[in-house]
Amino acid sequence: MLELQFLRDHREEAAERLTKRNIDVQSLLGTTLSLDEQRRSTQTELDGRLAELNGLSRTIGDLLKAGRKDEAEAAKARTADLKASTQQLKERLDGLEKDLQDHLCTIPNAPNAKVPVGKTPEENTVVLQEGTIPELHAGAKPHWELGEDYGFLHMDLGVKITGAGFPVYSGQGAKLQRALISFFLDKAADAGYREIIPPHLVNGASAFATGQLPDKEGQMYHATVDDLYLIPTAEVPITNLYRDELLEADALPVKMVGYTPCFRREAGSYGAHVRGLNRVHQFDKVEIVRLEKPENSYAALEDMVEHVKGLLRALELPYRQLLLCGGDMGFASAMTYDMEVYSAAQQRWLEVSSISNFETFQSNRMKLRYRGEDRKPRLAHTLNGSALALARIVAALLENNQTPEGIRIPKALQPYTGFSMIVK
RNA sequence: GGAGAGGUGGCAGAGCGGUUGAAUGCGGCGGUCUUGAAAACCGCUUUACCCGUAAGGGUAACGGGGGUUCGAAUCCCUCCCUCUCCGCCA
């Protein structure tokens with residue numbers, strides 16, 4: 001949620017930045033700010049009446065103490081009208097505040113100046129590409145066929161016990177999964193991130209705070225009996241650790257990392273591109289989360305990108321870094337880099353990481369503040385990024401490293417897997 | 001699931017109808033002392049919103065919502081959450 005103060009004071013800048021979202025900025029800002037104006041004038045009026053009422057109450061108290069009962073009764077009689085009008089004003093104010101809040105919630109984050117203009121993923125900027133795209137031997141297969149051939153990935157068993165999009169890993173496939181998680185966690189720990197094991201279900205307040213609700217209501221699994229949501233990413237519980245907190249400045253930055261499974265309904269996305277592990281309802285991910293002072297947040301974003309690059313290099317995967325255009329960015333983000341790896345058998349780029357700076361968009365929703373140099377509370381900036389998302393990393397790893405003898409495990413991972421080759 | 005206790009400021013913890021926005025302690029900020037630091041002592045220190053160029057003023061908030069009252073952190077109702085004991089389970 002953007003800060004109201006920002007919209008009021010920098011309407012032009014807000015409008016300019018939001019234009020990149022390809023939305024009707026002027027009418028959105030117009031209604032929001034006019035609601036805000038009504039709200040303020042109503043509050044001013046209400047505050048005045050309440051001040052009068054408070055004064056009367058004090059007078060009555062004094063009169064009663066002084067034993068002047070008749071005068072007190074007379075004063076009481078005068079409160080009735082005031083009370084009625086404050087009641088009315090209060091109702092109007094509540095209504096306006098709710099409307100304003102509802103409008104504010106529908107405004108996406110304002111893209112950073114560096115964010116390219118564009119509507120579709122094709123208009124994202126390729127920042128860099130690194131690594132060599134492997135040439136596969138004749139008869140190379142996509143990962144879902146490899147999984148079946150070698151017997152370590154079973155999409156069909158997932159269908160049986162749960163439904164489509166819930167992969168089952170076994171044997172060396174399961175071990176590879178666990179190895180990657182450990183590898184990513186260790187790397188993040190080395191980089192100074194504190195490991196967190198959070199709950200995998202969150203309440204509505206948490207989902208609202210990071211921006212999943214109300215925007216992406218239908219994308220989360222909802223355990224309705226207890227009104228809890230299965231997390232679509234560890235970002236939600238980990239960032240919410242600091243909801244409603246007021247930190248001392250020296251507590252920042254906060255760097256956290258967590259592994260969790262991620263659950264996504266992916267409603268409406270079916271077809272050829274979602275075969276195998278390309279898009280599933282449950283996958284594993286190691287997520288890094290940072291809370292930063294505003295002046296440091298963009299340096300932190302770059303630092304997170306460097307961290308992820310290090311992981312991809314260690315895994316010997318060809319990758320590219322995209323700067324998302326305004327039309328392809330998530331609702332809550334001010335700037336997002338996507339990292340994609342090349343999966344050679346499918347001959348496509350797969351998104352394995354999304355690294356975003358939310359500026360104060362999330363912290364405003366969750367009241368995550370710190371004391372600035374002047375001791376005044378200010379909203380912190382929040383950032384997060386996948387480091388990394390497993391299912392697609394596994395897909396690329398399997399496809400790119402297949403040989404007639406078996407599937408090669410990158411050197412960096414071998415201490416974790418305990419084997420250097422997946423064999424039949 | 002049954003019974004009980006409780007939810008107060010950055011934190012801990014008093015208050016239980018009328019200058020209580022809230023004692024006290026810790027923390028934080030400033031000062032005295034000191035070559036410097038610590039200790040000790042003194043002072044200041046909640047947040048959000050509104051009006052105001054500012055100085056300053058106003059309103060709200062003691063888990064959420066509603067009620068009683070001229071007046072509620074304090075009384076009543078309701079919902080949520082936490083803790084303890086019992087049951088059940090890992």
Side-chain angles (χ1 to χ4, degrees), chain A residues 1-9 32-105 197 199-209 213 222-229 237 240-252 254 291 293 360 363-380:
Chain A
M1 191 159 69
L2 288 168
E3 291 168 82
L4 192 54
Q5 195 66 43
F6 169 71
L7 295 180
R8 274 212 297 255
D9 297 347
T32 303
L33 289 175
S34 110
L35 278 169
D36 177 47
E37 223 161 275
Q38 294 175 60
R39 176 195 128 246
R40 278 149 63 201
S41 69
T42 306
Q43 185 177 340
T44 305
E45 202 181 338
L46 173 62
D47 284 356
R49 301 282 167 86
L50 285 172
E52 265 185 80
L53 203 51
N54 287 341
L56 265 178
S57 288
R58 237 167 282 141
T59 309
I60 292 168
D62 292 343
L63 288 172
L64 285 176
K65 243 182 270 177
R68 291 147 73 178
K69 212 162 172 222
D70 292 349
E71 287 170 76
E73 287 306 319
K76 278 191 196 182
R78 280 188 282 140
T79 62
D81 280 356
L82 267 176
K83 280 183 82 174
S85 73
T86 56
Q87 186 64 28
Q88 210 177 359
L89 285 166
K90 183 80 170 66
E91 274 165 29
R92 192 157 99 209
L93 184 64
D94 287 348
L96 285 165
E97 276 179 348
K98 190 179 176 303
D99 276 4
L100 178 61
Q101 193 69 7
D102 288 350
H103 274 79
L104 226 37
C105 280
I197 299 183
H200 298 172
L201 284 92
V202 294
N203 55 33
S206 296
F208 173 82
L213 287 181
H222 188 189
T224 51
V225 175
D226 295 294
D227 197 18
L228 296 172
Y229 297 88
N240 270 282
L241 256 22
Y242 285 86
R243 170 152 49 87
D244 295 320
E245 291 287 329
L246 177 50
L247 304 168
E248 290 299 328
D250 61 10
L252 295 175
V254 173
L291 315 180
K293 293 181 191 170
T360 59
S363 57
N364 189 31
R365 290 179 160 226
M366 69 173 79
K367 300 290 164 261
L368 194 187
R369 300 166 300 165
Y370 73 98
R371 285 194 195 280
E373 308 308 322
D374 54 0
R375 307 292 303 155
K376 286 261 184 299
R378 298 174 66 188
L379 295 171

message: Show the nearest heavy-atom pair for residues A223(A) and L201(A), with the distance to one decimal.
response: CB-CD2, 4.2 Å

message: Without decimals, in angstroms, what is the distance between K90(A) NZ and rG58(B) C1'?
response: 16 Å

message: Between S363(A) (side chain only) and A380(A) (backbone N and O only), is there a donor and an acceptor less than 3.5 Å apart?
response: yes

Under 3.5 Å donor-acceptor, R365(A) side chain and F208(A) backbone: yes

- request: For nucleotides 71-80 of chain B, just jot down a letter per nucleotide in 5' to 3' order: B, S or -, based on protein non-hydrogen atoms under 4.0 Å.
  value: S---------

task: Using a 4.0 Å heavy-atom cut-off across all strands, classify A51(A) as base, sugar-phosphate, or nothing.
output: sugar-phosphate

query: Under a 3.5 Å cut-off on both pairing distances, which runs of 3 or more consecutive Watson-Crick or G-U pairs involve RNA chain B?
result: B:1-7 with B:80-86, B:10-12 with B:24-26, B:27-32 with B:40-45, B:46-51 with B:56-61, B:63-67 with B:75-79

task: Evaluate the side-chain contact (heavy atoms from CB on, under 4.5 Å) criterion for residues E245(A) and L291(A): first the C-alpha distance (whole Å), next the side-chain angles of each, then the deciding distance (0.1 Å), finally the verdict.
output: CA-CA 12 Å; E245(A) 291 287 329; L291(A) 315 180; over 6 Å; no

- request: Rounded to whole angstrom, note down the C1' distance from rU8(B) over to rG64(B).
  value: 15 Å

- prompt: Taking all atoms of both residues into account, what is the closest heavy-atom pair of H222(A) and L228(A), and its distance?
  reply: CD2-O, 3.3 Å

- prompt: Got a second to check how far E37(A)'s CD is from R40(A)'s CZ, nearest 0.5 Å?
  reply: 6.0 Å

field: Partner set under salt bridge (charged side-chain N to carboxylate O under 4.0 Å, His left out) for R378(A), not counting sequence neighbours
entry: none

message: If I take atom NZ in residue K367(A) and atom P in nucleotide rG10(B), what distance separates them, rounded to the nearest angstrom?
response: 14 Å

field: side-chain contact (heavy atoms from CB on, under 4.5 Å) between R243(A) and L368(A), worked out
entry: CA-CA 5 Å; R243(A) 170 152 49 87; L368(A) 194 187; over 6 Å; no

task: Would you kindly give the CG-to-C1' distance between D244(A) and rU46(B), to the nearest whole Å?
output: 15 Å

- prompt: Looking at residues 35-50 of chain A, who's got a heavy atom less than 4.0 Å off RNA chain B?
  reply: R39(A), R40(A), Q43(A), T44(A), D47(A), L50(A)

- prompt: Which whole number of Å gives the distance between the P atom of rA14(B) and that of rG63(B)?
  reply: 14 Å

- request: Salt-bridge test for D62(A) and R58(A): reply yes if a basic N is under 4.0 Å from a carboxylate O, no otherwise.
  value: no

Check: residues 69-80 of chain A side-chain donor-acceptor pairs under 3.5 Å, at least two apart:
from   : atom 1 : to     : atom 2 : distance (Å)
E71(A) : OE1    : R68(A) : NH2    : 3.0
E71(A) : OE2    : R68(A) : NE     : 3.0
T79(A) : OG1    : K76(A) : O      : 2.6

statement: A205(A) and N240(A) have their tightest heavy-atom pair at O-OD1, 4.3 Å

message: Please classify the nucleic acid contact of N54(A) as base, sugar-phosphate, or nothing, using heavy-atom distances under 4.0 Å.
response: sugar-phosphate

query: What does R8(A) touch in the nucleic acid at a heavy-atom separation under 4.0 angstrom: a base, only the sugar-phosphate, or nothing?
result: sugar-phosphate

query: Starting at CG of L64(A) and ending at C1' of rU69(B), how long is that distance when rounded to a whole Å?
result: 12 Å

- request: Look at K98(A) together with D94(A) and state whether they make a salt bridge at an N to O cut-off of under 4.0 Å.
  value: no

- prompt: Which pair of heavy atoms, one from M1(A) and one from N364(A), lies closest together, and at what distance?
  reply: O-ND2, 3.0 Å

- request: Name the residue closer to the 5' end of RNA chain B, choosing between E245(A) and D94(A) according to the nucleotide with the nearest heavy atom.
  value: E245(A)

Identify the pairs formed between an N or O of the protein and an N or O of nucleotides 22-31 of chain B at a distance under 3.5 Å, and give each distance.
from    : atom 1 : to      : atom 2 : distance (Å)
rG28(B) : O2'    : R375(A) : NE     : 3.4
rG28(B) : O2'    : R375(A) : NH1    : 3.4
rG28(B) : O2'    : R375(A) : NH2    : 2.7

field: 5'-most by nearest nucleotide on RNA chain B - G61(A) or T79(A)
entry: G61(A)

